Structure formats: C-alpha cells, structure tokens
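Numbers restart at 1 for each chain; the letters A, B, ... are given by sequence-line order, proteins then strands. These values consider heavy atoms only, across backbone and side chains, with no hydrogens, waters or symmetry-generated copies. None of the values given here were measured: they were computed from a predicted structure.
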Protein chains: 2
Amino acid sequence: MKGKDAKGEKARTHLSREDVLDAAARLVKRDGPRSLTMRGLAAELDTAVTSIYWHVGNRESLLDALVERTLADLGEIRPVGRTPARRVVSVARTLRRRLLDRPHLVAMVHERGLTERMFLPAQRSLVHEVHEAGLRGARAADAVRAVQVLVVGHVLVERNRERAPAQRPGEDELWTATTAERDAALARALAAPLDPEALFTTSVTALVTGLLGPGN
Amino acid sequence: MKGKDAKGEKARTHLSREDVLDAAARLVKRDGPRSLTMRGLAAELDTAVTSIYWHVGNRESLLDALVERTLADLGEIRPVGRTPARRVVSVARTLRRRLLDRPHLVAMVHERGLTERMFLPAQRSLVHEVHEAGLRGARAADAVRAVQVLVVGHVLVERNRERAPAQRPGEDELWTATTAERDAALARALAAPLDPEALFTTSVTALVTGLLGPGN
DNA sequence: ACCTGAACACCGTTCAAGT
DNA sequence: ACCTGAACACCGTTCAAGT
C-alpha cells in the first residue's frame with residue numbers, strides 16, 4: 001500500500017505541507033474538526049503520525065492553517081440590484097451561501113475570533129452601498145456591522161439546526177390556536193418546520209429596511 | 001483531605017447526582033466544557049472517577065444534564081415599554097442579558113440543537129406582542145423567529161469576540177478615509193472597537209422597525 | 001446502593017535515531 | 001531535509017470486586 005493512499009491517489013515521493021492540509025481540509029469538511037485526529041490523518045496519508053508534526057508543527061497549527069486557507073478562499077462579492085437596499089440584501093444572501101458551503105470551517109474561523117476578517121471582502125461592498133444609500137459616519141459603520149452579525153448569526157444557527165435532534169417537546173405540541181392568541185394560522189406557522197432561507201430573507205430585508213429607511 | 005473538597009465545603013457522607021452536577025456546572029461556567037475532564041471533576045469532588053459514572057452515566061449525559069438545567073433556569077420574560085415595538089425590543093434585550101450571563105452553557109444548548117427550546121419562555125411574550133402590533137399568521141411567526149435568531153446570533157458572535165486575539169491585520173490599518181468612500185468619520189467608526197451592546201440595540205431596533213413597520 | 005482501583009483503547013506530543 | 005517507532009502523559013470508559 002506504500003505510495004498509494006486509501007483514496008487511490010497518485011504516488012508521492014515526499015509528503016508536503018500542502019498534502020497534509022489538503023487531506024485535513026477534506027476530512028474536516030466531511031466530519032468536522034472534532035473527528036480529525038493526528039493518527040487518523042496519518043493513516044489517510046499513509047505515513048507515520050510524527051511526519052505530520054514535521055510539516056505542520058502540531059494539531060492546533062494545522063487547524064489554524066486551514067482557517068487561513070478558508071479566509072483566503074472567500075473572495076470579493078459583487079452586489080446586484082437596482083437600489084442600495086436590494087444590493088445590500090444581495091451581498092448578504094451571497095455571503096450566506098458561501099458560508100453555508102463550508103459550515104465546519106466557518107465555525108472554526110468563528111471560534112478563533114476571526115469573524116471580522118472573514119467579512120472583509122463583503123465589508124467593502126457593504127460600506128459602498130450604505131454610503132450610496134445616504135448613511136454617513138458611525139451610522140454607516142453600524143449598518144454594515146449589523147448586517148454582518150445578522151448573516152453570521154443565521155449561518156451559525158442554521159448549521160446547528162440541521163443536525164438538531166427532534167425537539168422535545170416539539171413545537172407542534174406547544175402551539176395550539178388557544179395558546180397562540182387564538183390565531184389558528186399563527187399556531188400552524190409556529191408548529192411548522194422552519195424554512196431557514198425564507199426566514200433569512202425576511203430578516204435581512206426587514207433589517208435593511210429599518211437601517212436605511214426614512215425613519216433614520 | 002477526605003470529606004472536604006478543595007473549596008473547603010461541608011463534608012459529605014454520600015456523593016449525590018446533584019453534587020456532581022453542581023461541581024460540573026461551576027467548572028463549566030468558569031473554564032468552559034472543553035476543560036471539564038472526568039478525572040478533574042473527580043478530584044474536585046474528592047472521589048474516584050468511577051463514582052461519577054455511577055451517578056451520571058458518562059460525560060455526554062453529564063453535559064446533557066447541565067443543558068437541561070440551563071433550560072429550566074431561563075424563566076419568563078416580562079415585556080416593558082409603551083408600544084409593541086418597544087416591548088419586543090425590551091424582551092430581546094433582557095434575553096440577551098440572560099444568555100450572556102452563561103455563555104458556555106448557551107453554546108452547549110446551541111450545539112445540541114435546542115436553541116428553539118431555550119427561547120420558549122421569550123417566545124410566548126414575543127408572540128403576544130407581534131400579534132398586538134397587528135401581525136397575523138405566518139407573518140407573525142416569521143417576526144418572532146427573526147427576533148430569536150438575531151438575539152442568539154449576537155450572543156454567539158459577542159461571546160467569541162470577547163476572547164478573540166488581536167485581529168491581523170487590524171481594522172484600524174484597513175480603513176482610511178480614501179478606502180471608506182472618502183468619509184473620515186466612517187473610517188474612524190470602522191477602525192474603532194465594536195460596542196456590542198450598542199450594535200445590538202441598533203440591530204434589534206432596525207429589525208423590529210422593518211418587521212412591524214408600515215411597509216409590511 | 002454506592003464506591004473503588006486496575007485495565008483498556010484511545011489521544012496529542014516529544015525525542016533520539018535513522019536515511 | 002525528511003521520516004520513523006518508542007515512549008510519555010493524558011483522555012473516557014468498562015468491569016470485577018469490594019462494602
């Protein structure tokens with residue numbers, strides 16, 4: 001089996017740092033960082049555990065390197081739409097999509113307190129659009145940041161909702177017309193499973209309306 | 001040392017399940033769940049590791065029990081304010097305060113996908129208020145959930161910002177008047193450290209305005 | 001019913017030794 | 001410069017044995 005790993009990839013003369021990062025990224029994307037063990041990674045690479053240490057130092061540095069890669073991967077975002085408000089919403093939606101593509105890695109970026117840096121590409125676009133909408137100074141900065149936190153908040157919540165066990169007691173048992181202000185449609189809506197994409201659109205649209213709206 | 005633990009608490013004849021949970025909750029609140037080890041907990045309780053297993057099964061069940069406790073601890077929330085919008089904002093702020101009080105435990109609730117359940121006490125109040133504001137059916141349910149996700153999103157982001165290392169490159173180096181739409185005040189605001197409480201208030205107010213506002 | 005120590009299968013990491 | 005196996009100090013967990 002020497003020279004060929006479990007995935008049947010090309011033979012390798014030397015193990016490189018890139019090889020280690022590639023394999024680690026693949027495993028993390030599939031099963032999350034928690035189940036990435038140095039021994040398991042070594043097996044995947046068909047090498048000795050200690051070789052990995054030569055290339056990446058230790059487990060924490062390895063994960064840090066993956067986070068750096070993720071940050072580098074998140075490129076610019078081009079706003080689309082006819083009004084600044086629509087363009088802000090479009091940036092938020094694009095960003096959400098990209099983050100949901102790599103939920104584990106986003107969580108790792110978040111854990112390392114680098115959420116702000118992750119948003120830099122989007123931030124430039126958002127700054128431009130809120131300025132375009134007439135916001136200035138601290139008010140513009142607040143608007144940009146409010147959108148950022150909304151996006152990352154939704155992504156974090158959504159990611160964990162996916163793998164949530166059945167809720168006990170289920171929301172369907174909790175809300176009946178009598179407990180929900182005698183509003184049968186409301187009770188039904190509260191009992192129904194949540195549609196994350198729709199909720200996100202509702203939230204970000206309402207937020208942007210509030211931030212850019214005439215009241216401000 | 002038998003019969004008196006490291007904190008000098010009262011002697012114990014029998015170790016109880018409650019004793020285990022109390023000690024575990026204290027340690028988790030201080031250092032987070034990651035640094036809670038069964039052996040460390042046993043030392044804290046001045047008992048054998050294996051005794052703990054008799055009372056709580058295993059580490060995962062122990063953490064589950066702490067999460068259950070946290071959920072039970074989050075009580076009702078009384079809305080205050082003269083308009084429905086203000087009362088919704090007040091519920092959100094109170095909720096945020098309570099969650100920030102136990103950040104590690106909230107994160108654990110979240111990891112277990114029980115965020116929805118955590119919100120139940122607040123949900124009743126929110127449902128009442130948005131109904132009061134004239135929202136009905138699915139639209140009311142969306143509004144309630146949008147506020148929920150905003151709150152938990154902010155708490156999660158805020159918690160991790162606290163222990164964030166210095167950002168590289170710092171936002172102060174990134175934003176100058178020329179890059180920030182030639183708006184010196186905006187550049188300064190973007191470079192300044194974020195005030196989480198202020199940003200939260202701005203966000204939730206804008207969101208509620210957008211959700212309850214005349215446009216809808 | 002409750003507690004114990006020994007033992008097992010894992011972990012990340014270090015290090016001296018190889019080529 | 002790169003790789004190796006042995007060894008160390010940790011984990012969570014099981015289990016037979018004690019009282």
For atom CZ of R59(A) and atom P of dA9(D), their distance in whole Å: 22 Å

Just checking T37(A): base, sugar-phosphate only, or nothing, at a heavy-atom cut-off of under 4.0 Å? sugar-phosphate

Roughly, in whole Å, what's the span from CZ in R34(A) to C1' in dG12(C)? 16 Å

Is it the case that over 12 heavy atoms from other parts of the model lie below 6.0 angstrom from the CZ atom of R102(A)? yes

Could you check whether L62(A) gets within reach of a base, just the sugar-phosphate, or nothing at all, counting any heavy atom under 4.0 Å? nothing

Here the distance between atom C1' of dC2(C) and atom CD1 of I52(B), to the nearest Å, is 14 Å

I want to check one thing: is the phosphate of dA1(D), taken as OP1 and OP2, less than 4.0 Å away from some side-chain N or O of H14(A)? no

With distance as the sole criterion, is a donor-acceptor pair present between the side chains of D64(B) and S61(B) under 3.5 Å? no

Return no unless some side-chain N or O of S51(B) is found under 4.0 Å from OP1 or OP2 of dT4(C). yes

Expressed as a whole number of angstroms, how long is the span from M38(A):CE to dA7(D):P? 21 Å

Can you tell me how far P of dC15(D) sits from CG of N58(B), to the nearest Å? 13 Å

Considering every strand and a 4.0 Å limit on heavy-atom distances, what is the contact class for L41(A): base, sugar-phosphate, or nothing? nothing

